[in-house]
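Report on one structure; see the data block that follows.
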Amino acid sequence: MNETSQTIAPPSVASHLLDRLNEAQRAAVEAADGPVLVLAGAGTGKTRVLTVRLAYILATGRAAPGQMLAVTFTNKAAREMSERIGHLMGRPTDGMWLGTFHAIGARILRRHAELVGLKSNFTIIDQDDQLRLMKQIIEAAGIDEKRWPARMLTTIVARWKDKGWMPDQVPTAEVGDFGHGKALDLYRDYQTRLGELNAADFGDLLLLNLKLFMKHPDVLADYHRRFRYILVDEYQDTNVSQYLWLRLLAQGSKNICCVGDDDQSIYGWRGAEVGNILRFEEDFPGAKVIRLERNYRSTPNILGAASGLIAHNQGRLGKTLWTEAKDDEAGDPVKIQGVWDEAEEARTVGEHIEDLQRKDARLDSMAILVRAGYQTRAFEERLITIGVPYRVIGGLRFYERQEIRDAMAYFRLIRQGDDDLAFQRIVNTPKRGLGDKSLQQLYTIARGRGQSLLSASEEIVTTDELPPQRRAGLREFVESIHRWRAQASHLPPSELAEIVLDESGYTGMWMVDKSVQAPGRLENLKELVRAMAEFESLDEFLDHVSLVMDIDNNSADDMVNVMTLHAAKGLEFDTVFLPGWEEGIFPNQMAIDENGYKGLEEERRLGYVGLTRARKRAFVLYAANRTVHGQWQNNIPSRFIDELPDDHVERGEAAGYGFVQDEGSLWQIAMKRPAYGNRQSNYHRVIEARSQRFGDGQEVYVPVGRGQGVPQTGDRVFHEKFGYGMVKGTDGSKLDIAFDKAGRKKVLADFVKPA
DNA sequence: CGTATATATCTTTTT
DNA sequence: GATATATACG
């Protein structure tokens, strides 16, 4: 097979494709057959190599589109790749298997669902449902969910699935002490329950593929014949189950090409194993390894700063990025700036943005990259204030909103009556007079008969097990579902959606709701109906939602981009703002607590990813104070700031780190940088100061007498509900307060303010 | 049964 | 500060 393909003379299209590639890139494209590992540093034209390689394989007649499998991590990357190949080839890439691991896994699973115990219309459940289900499992097993939270078990099980372990494959040593060693039993229960619900979670999409391939070699052989060329993007982020999946599929043609960069591995917390890169040559003997080291993206200063930072990591494969730019074209150094708090941080970034805007920079050439989602808030507020348009990528996603999830639950139940999770969500939304008690009764009956909630309901409405009034509500619900299901077969999804939302009373529920969010929710529901118009069938739509989770937000509008560092991978911008470089925030304390040195290195790689997103300019900021959980916290600059090489950075004045004035007296805010050893002790200190603006516009920081600490006996306090009062006694954070109007009450300190 | 109020917990990153 | 869960009351 290799011989024949090498004899194919590249048509002119194919040779044209190679024109604008450098030597290493071309080698990576031309090594079309056999296993290839491409180690591609940031900005070395990785996506280009991938897309040209795909086009090249097609253009040289090695494979038809339907014989190619291209796997990415994000839907965004898949979309982009599809567009670029279409552009290169001058026609759309129909028929190619291009998508995320999960999307392709789901597609394969639907075709063979019966072989692994599911029906082909199985539901893909998201985290929220997963958590709900897990909670039910834990409670059913008589375990205290308070002590052993469902969230924790969900993570444990997800990590097992990442490793490719079905319940009977989990090593005894890995079981851990969750619920006194019950985790494995619970995992088993959970899988059983998923089967009953005809549902799969994200991990299952791959895990059940593995099961399918191993139990049915004929099916695997079929895919061996089908997939003649396999391409994998972001290989450093594959977990074991993805790795096993790839290895099984690649055993057929051996034409597998993986592209990755160990320095950009940032999903270890999700089970990714950088080791997969190192294992590649062992698993595919004779694999070609090609390094892309010439960077086309960033200025020498940015590259120098990023390289200097990542050099602090041990155990890298080692790559040296270089660029052709001369030293006199080194570009701006990376600017580092300290600020007082997150508000000033946002203000500073806003000023830089306006400044660049005056120099005719486009807003969409700029990005603010944060460590965690909650950090976007301060920037959003500021950008709104100064009237700069922005878009938040990722963040609070459309399909995670309450009203959208409710609507989806209706559709899910229409498609798939076994979906008890959907049933529970909407059976009494809007209110149908079915409270906890009636539903509990229903659950018991259903469980007793081994039926789904919907089929149990169908029977119950004909008996007198429920009081008449409740029975009527339930009957109405069950009949509606049936009616809609009958309509689903011949109506387009968007029309069906309108009928369902209207007849169920769901839209009506929000129309009478007088809360401030209600109009927005109605707007979102309309948007949902609009989005559904693009789909042929309800099935297609539901799959799209489960796997994509986001509505297409890549409008070409000129807006500043705000997103997490994780979401920024694979993107590039002229100017990048990197706020929140403080110990505890970035590197994130939890990452270090949970994974120690490994966690720290992953954080450092995140920093490297952030810096290398910048083409021309990067700004690093750190704030002395920040509210976390509504409480003030003071932080010291991130160790990563020290690690940036002096040659490529400019360390600005640390505003708010010196003397501030308070009506004539001088206060020194304790912001001198402590020795490293002191960092821990300083981490959670609450600072007692707030900003105050004076007549001349100058802003100063005034220490607050008792701050947000616990009020003492004798203090006057204010409570939202009870009004003013005096503290009569304290018990930890509980206060005994004599309110002027409401009398004596015990209240938590969090609920009162100093008066 | 539904609503209002009171408390608890939470935030790392995502397919 | 926001949102789920627990409790009290109508």
Side-chain angles (χ1 to χ4, degrees), chain A residues 71-78 99-106 124-128 130-132 135 145-146 149-151 155 158 161-162 200-206 234 237-239 241-242 265-272 369-378 393-397 399-400 402 428 430-439 467 469-470 473 517 546-550 563-569 580 584-595 599 602-603 605-606 609-610 626-631 719-722 733-734 745-751:
Chain A
V71 202
T72 62
F73 264 81
T74 61
N75 296 291
K76 195 169 55 187
T100 61
F101 277 100
H102 294 89
I104 291 170
I124 301 170
I125 65 166
D126 64 17
Q127 272 160 321
D128 200 77
Q130 215 176 321
L131 200 62
R132 247 178 252 273
K135 227 172 244 178
E145 205 267 336
K146 283 266 145 55
R151 181 177 293 281
T155 311
K161 292 188 175 183
D162 287 342
D201 66 17
F202 273 84
D204 287 340
L205 294 178
L206 285 153
E234 309 282 14
D237 289 328
T238 47
N239 59 37
S241 106
Q242 289 161 336
S265 157
I266 54 176
Y267 284 99
W269 52 273
R270 211 177 69 185
L369 308 182
V370 297
R371 176 62 181 86
Y374 68 86
Q375 288 171 263
T376 62
R377 183 200 230 108
I393 296 176
L396 43 139
R397 272 172 285 197
Y399 291 114
E400 284 170 6
Q402 183 194 332
N428 199 33
K431 304 266 179 275
R432 296 184 178 90
L434 296 157
D436 271 351
K437 221 175 152 208
S438 321
L439 292 178
Q469 215 169 0
R470 317 288 167 225
Q517 303 119 329
S546 315
L547 294 165
V548 176
M549 290 305 285
D550 209 354
M563 68 191 93
T564 63
L565 287 162
H566 284 88
K569 194 167 67 153
I585 305 289
F586 184 59
N588 179 277
Q589 191 60 46
M590 270 186 240
I592 297 176
D593 290 348
E594 276 165 31
N595 292 309
E602 183 153 310
E603 294 290 297
R605 288 193 293 270
L606 256 185
V609 167
R626 190 175 288 281
T627 42
V628 178
H629 298 114
Q631 278 259 313
H719 186 270
E720 289 250 14
K721 229 357 7 86
F722 306 131
S733 58
K734 276 207 181 94
K745 303 245 183 222
K746 286 211 198 294
V747 186
L748 277 186
D750 286 354
F751 291 92

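Note that the coordinates shown come from a computational prediction; the quantities given were computed from them, not determined experimentally.
Counting any heavy atom pair closer than 4.0 Å across all strands shown, Thr627(A) reaches no nucleic acid atom. Among the protein residues, Phe101(A) comes within range of no part of the nucleic acid, since none of its heavy atoms lies under 4.0 Å from any strand. When heavy atoms are screened at a 4.0 angstrom cut-off, Gln127(A) is found touching base atoms of the nucleic acid.
Between Arg151(A) and dT11(B), a side-chain N or O to OP1/OP2 separation shorter than 4.0 Å is present. Thr564(A) has a side-chain polar atom (N or O) that falls below the 4.0 Å cut-off from OP1 or OP2 of dT14(B). At the phosphate of dG2(B), OP1 or OP2 sits under 4.0 Å from a side-chain N or O atom of Asn428(A).
Rounded to whole Å, the distance from CG on Leu434(A) to P on dC1(B) is 8 Å. The distance between atom CG of Asn239(A) and atom P of dT13(B), rounded to the nearest whole Å, is 19 Å. Atom CG of Asp204(A) and atom C1' of dT15(B) are 13 Å apart (whole Å). The distance between atom CD of Gln375(A) and atom P of dG1(C), rounded to the nearest whole Å, is 17 Å. Look at CG on Asn588(A): it is 5 Å from C1' on dT12(B), rounded to the nearest Å. To the nearest angstrom, P of dT15(B) lies 11 Å from CG of Leu547(A). Leu606(A) places its CG atom 14 Å from the P atom of dT12(B), with the value rounded to the nearest Å. Between Gln589(A) atom CD and dT13(B) atom C1' there is a gap of 15 Å when expressed in whole angstrom units.
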Output one line per pair: protein atom, nucleotide atom from nucleotides 3-7 of chain C, and distance, for all N/O pairs under 3.5 Å.
unit_1: dT5(C); atom_1: OP1; unit_2: Lys135(A); atom_2: NZ; d: 3.1

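Taking only side-chain atoms of Lys437(A), from C-beta outward, the nucleotide of dT13(B), dC1(B), dT3(B) with the closest atom is dC1(B). Taking the side chain of Phe202(A) as heavy atoms from C-beta on, and the options dT15(B), dT13(B), dC1(B), the nearest nucleotide is dT15(B). Among dT14(B), dT15(B), dC1(B), the nucleotide with an atom closest to any side-chain atom of His566(A) is dT14(B).
By the stacking rule of 5.5 Å between ring centres and under 30° between planes, Trp269(A) stacks on the base of dT13(B).
For Arg270(A), the salt bridge (Lys or Arg N to Asp or Glu O under 4.0 Å) test picks out no residue, with sequence neighbours left out. For Glu602(A), the salt bridge (Lys or Arg N to Asp or Glu O under 4.0 Å) test picks out Arg605(A), with sequence neighbours left out. Residues passing the salt bridge (Lys or Arg N to Asp or Glu O under 4.0 Å) test with Arg432(A): none are found, sequence neighbours excluded. By the side-chain hydrogen bond (donor to acceptor under 3.5 Å, both in side chains) test, Gln242(A) pairs with no residue at all, sequence neighbours left out. Residues meeting the ring pair (Phe, Tyr, Trp, His ring centres under 6.0 Å) test with His566(A), sequence neighbours left out: Tyr267(A), Trp269(A).
Residue Glu594(A) is the one, among Glu594(A) and Thr100(A), whose nearest nucleotide of DNA chain B lies closer to the 5' end (criterion: closest heavy atom). Taking the nucleotide of DNA chain B with the nearest heavy atom to each of Leu439(A) and Thr74(A), the more 5' of the two is matched to Leu439(A).
When each of Asp237(A), Thr238(A), Thr72(A) is checked for a side chain to side chain contact (heavy atoms under 4.5 Å, CB included) with Phe101(A), only Thr238(A) meets the rule.
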Exercise. What's the verdict on side-chain contact (heavy atoms from CB on, under 4.5 Å) for Lys569(A) and Glu234(A), showing C-alpha distance, side-chain angles and the deciding distance?
Worked result: CA-CA 10 Å; Lys569(A) 194 167 67 153; Glu234(A) 309 282 14; 3.4 Å; yes

Exercise. Does the pair Glu400(A) and Asp128(A) meet the rule for a side-chain contact (heavy atoms from CB on, under 4.5 Å), with working shown?
Worked result: CA-CA 9 Å; Glu400(A) 284 170 6; Asp128(A) 200 77; over 6 Å; no

